[in-house]
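These notes concern the structure reproduced below.
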Amino acid sequence: MRPALPAAAVGFDQRVYAVVAPIPQGRLATYGQVADWIGAYGCARQVGWSLRRLALPSPVPWHRVVSARGQISMSLSREGSDWIQRELLIAEGIPVDGAGRLALRSYLWVPQ
DNA sequence: AGAATGACGCTGA
DNA sequence: TTCAGCGCCATTC
């Protein structure tokens with residue numbers, strides 16, 4: 001068992017994965033939302049870092065997290081995982097155009 | 001230790 | 001609506 005430690009001592013990554021895991025199929029969340037959920041308001045960039053460190057394939061639905069601008073964050077440093085993300089979302093029924101943009105307003109997931 | 005980088009977000013033009 | 005600029009802060013060099 002893991003001893004009771006301050007939130008900061010628990011892996012930031014683990015907390016991110018914990019809140020991303022329950023995002024239902026066909027729904028989306030933004031980096032800012034995830035940061036807010038784990039009590040790290042304003043740390044959207046760190047959420048991106050955590051997802052980047054995720055080893056693929058992963059049971060964590062990382063592809064359901066996009067930017068608040070309503071589009072997949074395309075970056076050369078992602079070695080193609082950005083396009084994989086596009087494919088996964090389309091496979092779940094979320095239309096994504098060639099620029100990685102999607103109807104965030106329609107699929108945004110608001111947790112109970 | 002200091003500077004650069006980045007899977008972000010908001011505001012204003 | 002699109003674009004540039006700035007604030008943000010852990011990670012990396």
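Side-chain atoms are counted along with the backbone in the values below, which use heavy atoms only and exclude waters and symmetry mates. Throughout, a chain's letter reflects where its sequence line sits, starting with A, and its residues are numbered from 1.
- Rounding to the nearest 0.5 Å gives a distance of 12.0 Å between CG of A:Leu56 and CD of A:Glu79.
- For A:Ser73, a side-chain nitrogen or oxygen approaches OP1 or OP2 of B:dC8 to under 4.0 Å.
- At whole-Å resolution of the value, CD in A:Gln33 and P in B:dC10 are 11 Å apart.
- No engagement by A:Ser50 is indicated, since no non-hydrogen atom pair under 4.0 Å with the nucleic acid exists.
- Atom C1' of nucleotide B:dC8 and atom CZ of A:Arg78 are separated by 13 Å, given to the nearest angstrom.
- Going from atom CZ of A:Arg101 over to atom CD of A:Gln71 covers 7.0 Å, rounded to the nearest 0.5 Å.
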Decide yes or no on side-chain contact (heavy atoms from CB on, under 4.5 Å) for A:Trp62 and A:Leu88, but give the supporting numbers first. CA-CA 10 Å; A:Trp62 55 272; A:Leu88 290 173; 3.9 Å; yes
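- Checking C:dA10, C:dT2, B:dA7 against every side-chain atom of A:Ser77, the shortest atom distance belongs to B:dA7.
- Side-chain atoms of A:Arg45 lie closest to C:dG7 of the nucleotides B:dG9, B:dA7, C:dG7.
- Following rounding to the nearest Å, A:Asp97 (CG) and C:dT2 (C1') show an atom-to-atom distance of 14 Å.
- If you take CG of A:Asp36 and P of B:dC8, they are 17 Å apart, rounded to a whole angstrom.
- Along DNA chain C, the nucleotide closest to A:Arg101 and the one closest to A:Gln46 are compared, and the more 5′ of them pairs with A:Arg101.
- The side chain of A:Gln85 has B:dA7 as its nearest neighbour among B:dA7, C:dC8, B:dG9.
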Walk me through whether A:Val34 and A:Trp37 qualify under side-chain contact (heavy atoms from CB on, under 4.5 Å). CA-CA 5 Å; A:Val34 174; A:Trp37 295 340; 4.2 Å; yes
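- Counting only heavy atoms from C-beta on, A:Trp49 has its side chain closest to B:dG6 among B:dG6, B:dC10, C:dC9.
- Residue A:Ser67 places none of its side-chain N or O atoms closer than 4.0 Å to OP1 or OP2 of B:dC8.
- The nearest whole Å value for the distance from the CG atom in A:Asp13 to the C1' atom in B:dA7 is 13 Å.
- A straight line from CZ of A:Phe12 to C1' of B:dA7 spans 13 Å, rounded to a whole angstrom.
- Rounded to the nearest 0.5 angstrom, A:Leu89 CG and A:Gln25 CD are separated by 10.5 Å.
- Computed from coordinates, the A:Tyr41 OH to C:dC8 C1' distance equals 11 Å when rounded to whole Å.
- With rounding to whole Å, A:Gln71 atom CD is found 14 Å from B:dA7 atom P.
- When the nearest nucleotides of DNA chain C are assigned to A:Cys43 and A:Arg52 by heavy-atom distance, the more 5′-ward of the two goes with A:Cys43.
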